[in-house]
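Heavy atoms only: backbone and side chains are in, while hydrogens, waters and symmetry mates are out.
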Amino acid sequence: MFADKEKENELLAILDDCAHLLQPSVFTHISDLAHAGEWGVALEELCNMLYEDDSTISRSMLNRIQALGLAMKIDESSWRMLNELVSNE
C-alpha cells in the first residue's frame with residue numbers, strides 16, 4: 001500500500017494537519033521521532049496525545065491514521081480510541 005518514503009511522507013502530512021491540536025513541544029517531539037525513522041512510535045504517540053488532549057478530529061483524519069497504521073502493521077488499539085473524538089459534522 002505505502003512504500004517507506006510514502007509512509008514517512010503521509011505521517012508527516014498527518015502530523016502537520018494535526019499541528020494546531022498539539023502543544024508545540026509535543027509536535028516537535030513527534031516530528032523528531034518521525035524524522036529519526038521511528039514512524040510507528042511517532043504515530044502511536046500522536047494518537048495518544050490526540051486522545052489525552054480530547055482533540056476533535058474529522059472522520060477523514062481518522063481514516064488516514066487508520067490506513068497508515070494498517071500499512072505500518074501497528075496494532076489497531078493504537079488508534080481505536082480516536083473514534084470517540086470524531087466530529088459529528
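Put simply, CG on Leu43 and OG on Ser78 are 7.0 Å apart, with the number rounded to the nearest 0.5 Å. Rounded to the nearest 0.5 Å, atoms CG (Leu68) and NZ (Lys7) are 8.0 Å apart. The distance from the CD atom of Glu10 to the CG atom of Leu15 is 11.0 Å, given to the nearest 0.5 Å. Taken to the nearest 0.5 Å, the CE atom of Met81 stands 8.5 Å off from the CG atom of Leu50.
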Apply side-chain contact (heavy atoms from CB on, under 4.5 Å) to the pair Asp4 and Trp39, showing each step before the final yes or no.
CA-CA 10 Å; Asp4 283 347; Trp39 306 323; 3.8 Å; yes

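Under the side-chain contact (heavy atoms from CB on, under 4.5 Å) criterion, Glu76 pairs with Leu70, Trp79, Arg80, not counting sequence neighbours. Among residues two or more places apart in sequence or in another chain, the salt bridge (charged side-chain N to carboxylate O under 4.0 Å, His left out) test is passed with Glu8 by Lys5.
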Between side-chain atoms of residues 17-27 and protein atoms elsewhere (two or more places apart, or another chain), which donor-acceptor pairs fall under 3.5 Å?
unit_1 : atom_1 : unit_2 : atom_2 : d
Asp17  : OD2    : Arg64  : NH1    : 2.6
Asp17  : OD2    : Arg64  : NH2    : 3.4
His20  : ND1    : Asp17  : O      : 3.3

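The stretch residues 52-61 participates, sequence neighbours left out, in these side chain to side chain donor-acceptor pair (under 3.5 Å) pairs: Ser58-Ser60, Arg59-Asn83. Legend: salt bridge (Lys or Arg N to Asp or Glu O under 4.0 Å) pairs involving residues 22-42, not counting sequence neighbours: none detected.
In the hydrophobic clustering, where aliphatic and aromatic side chains (Ile, Leu, Val, Met, Phe, Trp, Tyr) are joined below 4.5 Å either directly or transitively, Val41 groups with Leu33.
Contact between Tyr51 and Glu84 at its shortest, heavy atoms only, is OH-OE1, 3.3 Å. Minimum interatomic distance between Leu12 and Ala34 (heavy atoms only, all atoms of both residues): CD2-CB, 3.7 Å.
Proximity of Cys47 to Ile65: side-chain heavy atoms (C-beta onward) are separated by under 4.5 Å at one or more points.
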